[in-house]
2 protein chains.
Amino acid sequence: MSLREQKKKETRNRIFEISLRLFKEKGFEGTTVDEITKEAGIAKGTFFNYFPTKESLLSYFREQREEFIISIMQDQMSREIPVREKIENFLVHVAEYYEKDRYLLRLLFFEQRRLLMSSGHRPSQGDHRKKKQELFIGMLADLSSEGMQKGEIRSDIDPKLIAQTLHAVYFHSLMSWLHSEIDYSFSKDMSAKIDIIFEGIGV
Amino acid sequence: MSLREQKKKETRNRIFEISLRLFKEKGFEGTTVDEITKEAGIAKGTFFNYFPTKESLLSYFREQREEFIISIMQDQMSREIPVREKIENFLVHVAEYYEKDRYLLRLLFFEQRRLLMSSGHRPSQGDHRKKKQELFIGMLADLSSEGMQKGEIRSDIDPKLIAQTLHAVYFHSLMSWLHSEIDYSFSKDMSAKIDIIFEGIGV
DNA sequence: AGTCATAAATGACCGTGGTCATATTTAAGC
DNA sequence: GCTTAAATATGACCACGGTCATTTATGACT
């Protein structure tokens with residue numbers, strides 16, 4: 001790696017680290033780009049050579065999280081355990097991972113303008129790059145299919161529908177937890193709701 | 001009502017109507033407060049006498065929606081039909097109501113900084129005013145309890161948990177629909193997922 | 001080492017949301 | 001109709017996010 005690339009990487013990283021620290025200290029709105037650049041020892045314009053907007057710092061943070069989450073998913077996918085356990089394990093692992101950094105997650109979901117969610121209903125035309133969220137639901141759908149083949153899950157429902165329902169519960173639990181001011185286990189709360197989906201509420 | 005109050009109300013309304021129109025025409029970011037005040041024939045400062053921020057226009061819009069939704073809820077609550085039907089009716093009615101104005105809802109959810117969601121996990125101390133979202137979940141919980149008493153719903157689960165799970169599916173379906181670029185029936189999509197919750201996915 | 005094209009850094013500048021001291025309007029009391 | 005205090009309107013002003021023409025640093029090539 002050339003000196004140039006090296007320095008670029010370092011600068012980008014410095015901006016990012018300083019930003020997250022300041023966000024934690026003073027909030028997202030309360031931190032100005034001027035402060036960030038001053039601390040990083042660069043001019044204001046330079047910031048925008050590295051990140052197109054102040055908000056994009058949060059996107060970058062999210063991308064890093066997503067990489068990690070996908071690795072958790074893939075770990076679970078390959079294990080030799082009942083599908084229900086795989087699903088619960090996966091979701092609980094993600095939840096536990098999130099529990100470590102509630103504050104920055106709050107920023108991520110409440111400060112970022114467009115919080116991406118998977119639609120499950122894509123336009124048939126369009127770019128073919130899979131978004132991370134779709135991968136998330138896609139993997140849950142794969143697990144559901146696997147469960148159907150093994151006779152662990154009802155096979156008269158569209159696996160995608162099941163995946164979306166699971167994801168709904170996961171997402172809702174996450175949001176509730178982020179909004180709440182009290183401390184409780186997000187993963188346990190979610191786990192209870194996943195059980196409902198498996199067992200149904202009907203008599 | 002005095003002349004003063006009358007004019008105040010009119011001005012507030014004019015600002016609001018013009019704003020929503022401009023948002024539809026040019027988007028939220030694309031519309032400036034200057035434009036709004038110019039069209040409304042008032043000075044810029046006056047705008048902020050009526051709405052504390054530009055974003056608060058969206059909150060106001062949401063409050064209006066919420067009033068309406070609560071009335072739908074209350075209608076269903078008092079009918080003499082099976083609980084499952086009440087729940088489905090209620091959620092489907094809300095969905096159908098939303099389907100009428102997808103664009104402004106998108107603004108509401110994607111442009112507004114902090115999109116409120118019910119936690120279901122409130123701090124024990126704090127203000128006692130019930131937020132609208134809690135009312136929403138509260139009513140779903142009441143319906144669940146009713147269903148348990150009538151033997152239509154399993155009674156070994158906390159009704160609140162059921163309510164939250166139902167709300168999760170409702171909210172997720174709504175968000176997916178708002179994100180999607182294609183036209184499909186949000187209410188039907190949601191309905192299918194509600195069925196899953198009633199019947200479970202286990203064998 | 002010197003030249004030069006390209007990458008990267010810079011900060012004056014702009015448009016916007018939001019503030020606030022001041023000016024204007026209202027209506028109650030006389 | 002006049003006075004006066006409170007409600008309301010005003011626009012100059014500020015801070016911030018973001019742009020861009022210009023300057024500076026880099027390294028490939030001779």
Side-chain angles (χ1 to χ4, degrees), chain A residues 1-62 107-108 110-115, chain B residues 1-62 107-108 110-115:
Chain A
M1 181 182 290
S2 73
L3 170 62
R4 203 172 228 172
E5 284 173 41
Q6 188 62 40
K7 281 181 81 174
K8 220 178 151 183
K9 204 173 165 186
E10 276 169 22
T11 301
R12 185 181 171 87
N13 249 314
R14 198 162 71 257
I15 293 174
F16 184 64
E17 304 286 342
I18 288 171
S19 299
L20 287 199
R21 179 167 57 73
L22 289 178
F23 290 167
K24 281 186 199 175
E25 284 171 22
K26 329 172 50 171
F28 182 77
E29 301 286 328
T31 305
T32 67
V33 176
D34 269 331
E35 283 175 296
I36 295 169
T37 54
K38 212 169 173 182
E39 282 225 23
I42 56 173
K44 190 176 174 182
T46 306
F47 175 93
F48 293 98
N49 289 341
Y50 288 90
F51 296 92
T53 64
K54 182 177 153 188
E55 247 184 60
S56 67
L57 286 164
L58 298 180
S59 311
Y60 185 62
F61 174 67
R62 196 189 55 216
L107 281 188
L108 205 56
F110 303 148
E111 301 283 5
Q112 205 168 12
R113 237 158 238 287
R114 342 191 116 252
L115 60 100
Chain B
M1 183 181 290
S2 74
L3 170 62
R4 202 169 230 173
E5 284 173 42
Q6 188 61 39
K7 280 182 81 174
K8 216 178 154 182
K9 203 174 167 185
E10 276 170 20
T11 301
R12 185 180 170 87
N13 248 314
R14 197 162 72 257
I15 293 175
F16 184 64
E17 304 285 343
I18 286 171
S19 299
L20 287 199
R21 179 167 58 72
L22 288 178
F23 291 165
K24 281 187 200 176
E25 282 171 24
K26 331 172 50 172
F28 182 76
E29 301 285 330
T31 304
T32 67
V33 176
D34 270 332
E35 283 175 295
I36 295 170
T37 54
K38 211 170 172 183
E39 282 224 22
I42 55 173
K44 189 176 174 184
T46 306
F47 175 92
F48 293 98
N49 290 341
Y50 288 90
F51 295 93
T53 65
K54 182 178 154 188
E55 247 185 63
S56 68
L57 286 164
L58 298 181
S59 311
Y60 185 63
F61 174 66
R62 195 189 57 217
L107 280 188
L108 206 55
F110 304 147
E111 302 282 6
Q112 206 166 11
R113 236 158 238 286
R114 344 190 114 252
L115 61 99

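Letters go in sequence order (proteins before strands), and every chain restarts at 1. Predicted model, so just to flag it, every value in this text is computed and none were measured.
Between the C1' atom of C:dA27 and the NZ atom of B:K7 lies a distance of 13 Å, rounded to the nearest Å. Rounded to a whole Å, the CZ atom of B:F48 is 22 Å from the P atom of D:dA7. When rounded to the nearest whole Å, the span between CD of A:E35 and P of D:dG17 equals 9 Å. Rounded to whole Å, the distance from CD on B:Q6 to C1' on C:dA27 is 16 Å. When rounded to the nearest whole Å, the span between CZ of B:F47 and P of C:dC20 equals 17 Å. Atom CZ in A:F51 sits about 18 Å away from atom C1' in D:dT19, given to the nearest Å. Here D:dG18 presents its P atom at 10 Å from CD1 of A:I36, a figure rounded to the nearest Å. Spacing between atom NZ of B:K38 and atom C1' of D:dA9 amounts to 18 Å, rounded to whole angstrom units.
In this structure, B:Q6 CD and B:T11 OG1 are separated by 10.0 Å, a value rounded to the nearest 0.5 Å.
OP1 or OP2 of C:dT10 lies within a sub-4.0 Å distance of a side-chain N or O belonging to A:T46. Considering only side-chain N and O atoms, B:K54 lies nowhere under 4.0 angstrom from the phosphate OP1 or OP2 of C:dG18. Within the structure, a side-chain polar atom (N or O) of B:K8 is placed less than 4.0 Å from OP1 or OP2 of D:dT8.
Among D:dG18, C:dG11, D:dG11, the nucleotide with an atom closest to any side-chain atom of B:K44 is D:dG11. Counting only heavy atoms from C-beta on, A:A43 has its side chain closest to C:dT10 among C:dT10, C:dG17, D:dT10.
Between the side chain of A:N49 and the base of C:dA9, a donor-acceptor pair under 3.5 Å is found.
Under the 30°/60° scheme for interplanar angles, the aromatic rings of B:F61 and B:F16 are found to be tilted.
Within the 4.0 angstrom heavy-atom criterion, only backbone atoms of the sugar-phosphate kind lie near B:Y50; the bases stay farther away. Using a 4.0 Å heavy-atom criterion, one finds that B:T31 contacts the sugar-phosphate atoms exclusively.
No side-chain heavy atom of A:F28 sits under 4.5 Å from any side-chain heavy atom of A:L57. When side chains are defined from C-beta on, B:T37 does not count as touching B:T46, because their heavy atoms never get closer than 4.5 Å.
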Applying side chain to side chain contact (heavy atoms under 4.5 Å, CB included), run through A:Y50 and A:I42 and close with a yes or a no. CA-CA 11 Å; A:Y50 288 90; A:I42 56 173; 5.6 Å; no
